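Predicted model, so just to flag it, every value in this text is computed and none were measured. The figures here come from the full heavy-atom set of this structure, side chains too, leaving out hydrogens, waters and symmetry mates. Just follow the structure's listing: the first ligand is 1, and inside any ligand the first atom is 1.
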Amino acid sequence: MEAGKNLLRELPSVDRLLNHPRCRALLAGASRDYVTRQCRALLDELRAAIRAGKAIETIDEESLLAKLAGRIALERGSKLTRVVNATGTILHTNLGRALLPQAAIDAAVRAGQSPVNLEYDLEKGARGKREEMVESLLRDLTGAEAASVVNNNAAAVLLGLNTLAEGREVIVSRGELIEIGGSFRIPEIMAKSGAILKEVGSTNRTHPQDYEKAIGKNTALLLKVHTSNYKIVGFSAEVSLEDMVAIGKKHNVPVMEDLGSGAIIDLSRHGLPKEPLVAERVALGADVVTFSGDKILGGPQAGLVVGRKNYLQQMNKNPLQRALRCGKLTLAALEATLRLYQQSADVAAEIPTLRAFTRSIADLEAAGARVLPALQKALGGGFHAALEDSTSQIGSGAMPTEEIPTKVIAIESANIGAERIAEHFRRAEPPIIGRIKDGRFLLDLRAVFDEKDLIPNWSKEAVSGQLSGK
Ligand SMILES: *Cc1c(COP(=O)(O)O)cnc(C)c1O
């Protein structure tokens with residue numbers, strides 16, 4: 001207790017530390033106010049530790065200033081940091097989903113660096129419409145009469161429901177009342193939109209007459225939801241979009257489809273399972289179709305809406321649209337991505353998401369073979385790394401039951417388990433995120449375009465004592 005009191009008394013004051021010659025470098029690199037707050041926080045922590053009777057190392061000014069410098073250095077870097085996605089889930093929501101094509105990155109940088117004609121009509125010299133540029137591209141790519149963009153697909157669904165059905169009924173099959181990761185649930189978004197959910201059918205089977213019977217005076221909309229992250233198999237029946245459109249026409253009720261991923265090009269041309277094409281859904285007569293910009297499309301986070309002009313006009317006039325609209329960086333990146341779909345001679349090569357989907361096994365195998373010796377060397381003895389067959393997935397709810405063949409590097413150790421190995425890789429600089437399957441740690445090559453990224457760079461601190469597997 002006595003010793004603690006002495007230590008408390010011996011702690012230098014904030015002013016003393018700030019006026020120390022060694023603090024000059026810190027004050028040159030950051031505002032005085034910020035350094036002061038960091039200094040105060042450090043001293044507060046030390047005081048609390050002393051009071052709690054914890055063992056305190058030296059508290060001389062020099063070492064406190066070194067601690068202060070360390071604190072500030074730690075906060076300097078961005079917390080949102082680059083990681084290596086070796087999980088095998090190509091569109092990993094937790095890792096930020098799609099990687100942008102270079103053209104989209106360039107466009108976003110340009111839009112950030114200089115003024116742009118975001119809402120300015122260069123011909124008329126007057127105010128223009130923010131979504132106009134992507135609108136014509138989306139119309140061209142999907143064949144829809146009109147198009148619009150909001151912040152994400154969840155926002156697009158909310159806007160569609162609120163615009164077309166506030167205070168009225170929306171009929172949805174019980175088999176399509178889904179939840180997407182990150183707590184997007186159809187019944188909840190419906191409630192927030194002010195629309196009234198009218199469930200029909202059963203979990204596994206819904207028939208056309210279920211919709212027919214449910215339609216009444218207060219019906220505003222028939223909603224179809226792509227059950228992107230799960231699949232009902234076995235004794236099941238789903239009402240097709242064609243049938244829903246026919247029922248809607250008969251009763252004069254519009255049909256909206258939440259397509260989730262929504263592909264612009266047919267991935268089955270590349271040997272992948274077929275995900276619904278936006279253009280096909282439009283051609284089948286859906287009045288409004290919504291989908292994500294950063295799923296299979298491979299662009300920035302956005303919610304794309306295509307469909308009939310009168311409905312899109314209503315949506316654009318809704319005050320919610322203003323709250324859900326995208327910023328210029330997103331619109332610039334989206335326009336560039338859509339332009340690739342419109343014009344590129346080889347979209348699968350230029351859009352990283354499509355590139356990851358379509359990389360051949362031979363390509364992955366060659367990449368794995370190239371990196372294996374260096375990886376084994378970086379790991380040292382005690383670890384065994386081997387190239388193996390496995391399967392990747394698209395992720396973000398697209399084609400949940402479909403798996404794409406891939407190559408992985410399996411890493412095992414006689415001393416430590418898969419969880420610990422995964423932890424070590426997460427401590428690398430940049431962190432490498434793999435996956436654990438059947439108790440083994442795997443690095444999936446499919447979404448790693450430069451295999452050298454798989455060679456972990458550990459700081460000295462992380463390696464000493466830890467990687468030896470003790
Ligand atoms: C992913 C998904 C959403 C949510 O889209 P975000 O762009 O993440 O907001 C909504 N509905 C379906 C069917 C989805 O797959």
Listing request: all salt bridge (Lys or Arg N to Asp or Glu O under 4.0 Å) pairs with a residue in residues 87-103, at least two apart in sequence or in separate chains.
R97-D294

What salt bridge (Lys or Arg N to Asp or Glu O under 4.0 Å) pairs are there with at least one residue in residues 132-155, not counting sequence neighbours?
K129-E135, E135-R139, E145-R308

Between [X] and ligand 1, which part of the residue brings a heavy atom under 4.0 Å of the ligand: side chain, backbone, both or neither?
X    : value
R97  : side chain
K295 : side chain
I180 : side chain

Looking only at distances, please establish whether an N/O atom of ligand 1 is found under 3.5 Å from an N/O atom of [X].
X    : value
A302 : no
D258 : yes
S261 : no

Parallel, tilted or perpendicular for F425 and F441, by the 30°/60° rule?
tilted

Could you tell me whether ligand 1 has any atom less than 4.0 Å away from a heavy atom of I178?
yes

Please check this pair: side chain of [X] against backbone of [Y], looking for a donor-acceptor N/O pair closer than 3.5 Å.
X    : Y    : value
S78  : T81  : no
N162 : L159 : no
S292 : K295 : no

Interfacing atoms of ligand 1 (cut-off 4.0 Å, heavy-atom, [X]):
X    : value
S292 : 5 (O), 6 (P), 7 (O)
G260 : 12 (C), 13 (C), 14 (C), 15 (O)
A154 : 5 (O), 6 (P), 9 (O)
F184 : 10 (C), 11 (N)
H226 : 13 (C)

Is the shortest distance from a Lys or Arg side-chain nitrogen in R440 or E412 to a carboxylate oxygen in the other one below 4.0 Å?
yes

CG of N252: more than 12 outside heavy atoms within 6.0 angstrom?
no

